[in-house]
Each structure stands twice: as C-alpha cells, then as structure tokens.
Asker: 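Take this structure first; my questions come after.
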Amino acid sequence: MELPFAESWKIKMIEPIRKSTREEREKWIKEAHYNTFQLRSEQVYIDLITDSGTGSMSDRQWAAMMLGDESYAGASSFFNLKNKITELTGFGYVIPTHQGRAAENVLFSHLIKAGDIVPGNSHFDTTKGHIESRKAFALDCTIDEAKNTQLEIPFKGNVDPKKLEKALAENADKIPFIIVTITNNTAGGQPVSMQNLKEVRVIADKYKKPVLFDSARFAENAYFIKTREKGYENKTIKEITKEMFDLADGMTMSAKKDGIVNMGGFIATRREDWYEGAKKFCIPFEGYLTYGGMNGRDMNALAVGLDENTEFDNLETRIKQVEYLAKKLDEYGIPYQRPAGGHAIFVDAPKVLTHIPKEEFPAQTLTIELYLEAGIRSCEIGYLLADRDPVTRENRFGGLDLLRLAIPRRVYTNNHMDVIAAALKNVYDRREKITRGVKIVWEAPLMRHFTVKLDRL
Ligand SMILES: *Cc1c(COP(=O)(O)O)cnc(C)c1O
C-alpha cells in the first residue's frame with residue numbers, strides 16, 4: 001500500500017502542557033476581560049493565538065546559537081544572516097530589527113509622510129498602524145473574491161490590478177511605494193501568485209513606483225506557487241523565492257514567522273537610497289547597523305531558519321498539517337476561509353454565530369466560546385482588529401469577521417488538531433444557543449485588539 005504522509009522531522013525536546021476545568025476557564029477569561037491576549041499562557045491548553053515567534057527551532061538552529069558573535073559592530077553573525085538573505089532574495093542591503101513592525105517603523109520613517117497613500121493587499125495591522133500613525137492612508141486593493149470565504153480559488157491573496165492602476169492613475173504623486181503582503185495574512189493566509197506579482201511590477205514600472213514586499217510568510221507563499229501555479233511544479237522553493245523577490249525593490253520581514261525564530265526581523269533592499277534613509281532611523285530606534293534589534297546568536301539562528309524553511313519538505317509538513325485540520329472542519333461542516341491558508345484556519349464567525357449582530361463582535365464571541373470549551377486560545381481577525389476609521393471614529397464593519405486558528409511551526413501533532421476540531425464542533429453544535437456577544441468597555445486609540453476590555457452581554 002502507499003505509505004501515508006508524515007512529518008519530515010522527529011522530536012528531540014518536549015514541553016509539557018496542562019488541561020484545565022471549565023470552572024477555571026470561566027474565571028480566567030473573565031479576569032482577562034474576555035480578551036484572549038490577556039490570558040496567561042499557563043491558562044491555555046493548546047495555544048493558537050499566533051504562529052509568530054512560537055515555532056520550534058531545530059537542532060541546527062540551537063547549534064548555531066552557541067556560535068553567535070555578540071560583538072557590537074561587525075559581528076560574524078550579522079554577515080551570516082546578511083549573506084543568507086542576499087542568497088535567497090538578491091537584496092544586497094540588510095538591516096536587522098527586533099521584529100517585523102520595527103522594520104516597518106524604521107523604513108516607513110524614511111518613506112512615508114502625512115497625506116501619502118500606500119496601496120496594497122490587505123495591509124497587516126501593524127503595517128496599517130505605521131501608515132496611519134504617520135497620517136497617511138493604507139488603501140486596500142485586494143481582489144474582491146477574497147471577501148467571499150466560500151469561494152475556492154488558488155490565489156485569494158492577490159492584488160486587484162484594476163484597483164491598483166486606478167489608485168496610481170488618480171494619486172501617483174501621493175504614493176511613495178506599493179506594498180504586497182506575501183502571504184496575505186489578513187485575507188486568511190492566502191497566497192499571491194507569481195503572475196500577480198508580475199502584474200504589480202508592470203503597473204509599478206509604468207508609474208515609476210517602487211514595490212515593497214511585506215514578507216513574513218514568503219516561503220509559504222513560494223510553496224503555494226510551486227503546488228498551485230502552472231510552470232513552477234519543478235522549481236525548488238529557493239528558485240521560486242528568488243524569482244519572487246526579483247520583482248520587488250525591498251522587503252520588510254517578521255522573522256518570527258517564516259524565519260522560525262522567536263524574535264527578530266529585518267529590512268532588505270537593493271536600493272541604496274532606501275538603505276541610506278533607513279540607516280538614519282535604525283541607529284536611534286533599534287541599534288547599530290550590524291545588529292539592529294537582534295542578538296548575534298539570534299541572527300545566527302535566523303540564518304539557519306531561513307535556509308531550512310525554504311526547503312520543500314519542511315514547508316510541506318507544515319502546510320499539510322493546516323490542511324489536515326481543514327479537512328476535519330469540512331467533515332463537521334464548519335465554514336472557514338477557503339481554501340485553507342498557509343499558517344492558519346480562519347473560521348467565518350458570522351456564518352456560525354448567525355444570531356449575533358456585528359455590533360456584538362461574533363468572531364470575538366467565538367474565541368471566548370472555544371476557550372471555554374477546551375482551553376484552546378485563538379484570536380479574532382475581525383471587527384475588533386479592524387479598529388475605527390481614523391477620520392469618522394466609526395467601527396469598521398466592512399471586512400471579514402474571522403476567528404483565527406494559527407498553527408505554530410513544528411510544535412503540535414495531528415492529535416492536537418483532532419482536539420481543536422472536536423472542540424470547535426462542540427461549539428458549532430450549540431451555536432443556536434449562543435445569542436449574545438460582547439461589548440467594549442475600554443479600548444486603546446490604536447491597535448485596540450491587544451488590550452481591549454470587553455464584557456459579555
Ligand atoms: C507579523 C506580521 C507583521 C509584523 O511583524 P512582528 O514581527 O509581529 O512585529 C507584519 N506583516 C505581516 C504580514 C505579519 O504577519
């Protein structure tokens with residue numbers, strides 16, 4: 001018989017996790033003001049709040065850490081990292097930062113001024129935050145199909161070339177660059193095709209605008225190009241990665257995702273002017289240029305992580321696990337953003353909690369129910385995260401309201417996936433009885449979802 005699929009690694013070190021009782025969880029979630037970000041990790045059994053910085057490093061990464069060079073300037077670890085990034089992307093200038101948002105902060109300080117417009121595909125929340133805090137606008141040019149969670153198309157993260165062209169035709173003088181997020185996190189970890197990246201490049205060239213890739217999950221994006229896009233079946237992930245970045249001027253990276261490190265990020269670019277501009281902000285915000293926000297040991301681990309995670313086997317193991325969970329949800333009829341994304345499953349909450357109006361935050365309500373059911377921590381990628389319109393201060397209810405089950409890299413087994421699916425099924429089976437959501441008691445003016453305090457209605 002054909003051998004079944006299995007992980008491309010084995011486990012060398014484990015970390016115990018603990019179950020809790022429903023009574024304990026009732027108390028803890030109340031104390032957390034019904035915000036899963038406010039729970040303590042010991043209060044969580046299976047933690048799917050994010051795939052960011054939560055992956056397991058390999059033995060090779062841990063070995064590289066021991067060889068970290070902590071010299072203040074010119075550390076060998078920096079050059080290990082820089083050389084690996086240049087090999088994978090072709091970008092010759094590299095600035096390490098403490099995480100992805102710091103890369104945004106440093107680069108955007110140079111590139112964005114008040115009144116600018118930055119078009120792209122569903123800007124990530126910190127990206128949008130760094131644009132809006134500079135009194136500029138993040139213009140979403142994602143394809144409309146991304147909003148229909150039940151539509152199954154291979155590259156649902158794409159930029160709509162018509163929307164992008166329109167933005168440039170009308171406001172070229174206000175647009176400092178175009179940003180493409182690979183994979184499109186906010187739209188559900190959905191990939192962007194090579195074809196689409198090429199179309200964006202053509203439009204950018206027509207208007208002489210640079211293109212920045214927000215690259216947190218570029219390797220997962222390359223996996224989807226290999227497995228879904230014609231002409232790429234026989235290319236290696238590293239070849240595809242290089243071809244993708246050939247279409248950009250630079251990248252910001254949250255290394256906590258596809259770099260498989262717990263903390264880190266960087267800016268990389270081929271443009272000397274971006275590098276020179278960013279340098280001026282790196283030193284005061286992050287640190288000297290050859291470490292930015294990172295330890296030498298962490299730069300070493302990242303160099304290895306980037307190399308490992310641009311290998312097909314490692315990516316296949318990961319993405320197949322996400323697919324495994326998706327198939328279970330299919331069995332139970334639970335609606336999610338289709339097809340399953342690279343790093344997470346995004347459950348379409350308003351389709352589950354049909355009795356809860358948008359003003360009562362259906363996806364947030366579902367995160368609370370899933371936690372109460374089995375101690376599984378997920379997060380809301382929906383109306384709370386969408387924040388308020390900076391001008392009208394109205395809640396932005398125009399997008400999707402999703403519960404995200406983010407799967408950490410190389411951490412949980414498929415048995416854990418079975419538990420997650422069963423818990424969600426139990427909630428789904430009693431969905432008719434869940435008739436009231438939550439209301440906001442306190443919120444921060446920017447990126448409110450991390451600290452928002454809620455009460456149950
Ligand atoms: C996580 C992420 C960021 C921000 O990176 P941090 O390391 O969390 O600061 C930016 N863009 C995308 C697409 C991300 O997923």
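Remember, it's 1-based here, ligands and their atoms both numbered in the order they're listed. When reading the values below, keep in mind they use all heavy atoms of this one structure, side chains included, and skip hydrogens, waters and symmetry mates. Residues: numbered from 1 along the sequence shown.
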Asker: With a 4.0 Å cut-off on N to O distance, would you call K320 and E316 a salt bridge?
Answerer: yes
Asker: So if I apply the ring pair (Phe, Tyr, Trp, His ring centres under 6.0 Å) rule between F218 and each of F91, F213, F245, which one comes out positive?
Answerer: F245
Asker: Between R338 and D330 (salt bridge meaning N to carboxylate O under 4.0 Å), is one present in this structure?
Answerer: yes
Asker: Tell me which protein heavy atom sits closest to atom 4 (C) of ligand 1, plus the residue, atom name and distance to 0.1 Å.
Answerer: T126 OG1, 3.5 Å
Asker: Cation-pi check for F450 against R448: NZ or CZ below 6.0 Å from the six-membered ring centre and within 45 degrees of the axis, yes or no?
Answerer: no
Asker: Is there any N or O on D214 that sits under 3.5 Å from an N or O of ligand 1?
Answerer: yes
Asker: Looking at Q38, E443, M447, which one forms a side chain to side chain contact (heavy atoms under 4.5 Å, CB included) with V452?
Answerer: E443
Asker: Looking only at protein heavy atoms, which one is nearest to atom 14 (C) of ligand 1, and what is the separation?
Answerer: K257 NZ, 2.9 Å
Asker: Going by the order shown, which atoms of ligand 1 are within less than 4.0 Å of some heavy atom of T181?
Answerer: 13 (C)
Asker: Examine the proximity of ligand 1 to R101 and report which part, side chain or backbone, both or neither, has a heavy atom under 4.0 Å away.
Answerer: both
Asker: Any N or O of R217 that comes nearer than 3.5 Å to an N or O of ligand 1?
Answerer: yes
Asker: Quick one: nearest non-hydrogen protein atom to atom 5 (O) of ligand 1, plus distance?
Answerer: S254 CB, 3.2 Å
Asker: Considering distance alone, does some N or O of N185 sit under 3.5 Å from an N or O of ligand 1?
Answerer: yes
Asker: Hey, is K198 close enough to E229 for a salt bridge, meaning N to O under 4.0 Å?
Answerer: no
Asker: For A216 and ligand 1, does the shortest N/O to N/O distance drop below 3.5 Å?
Answerer: no
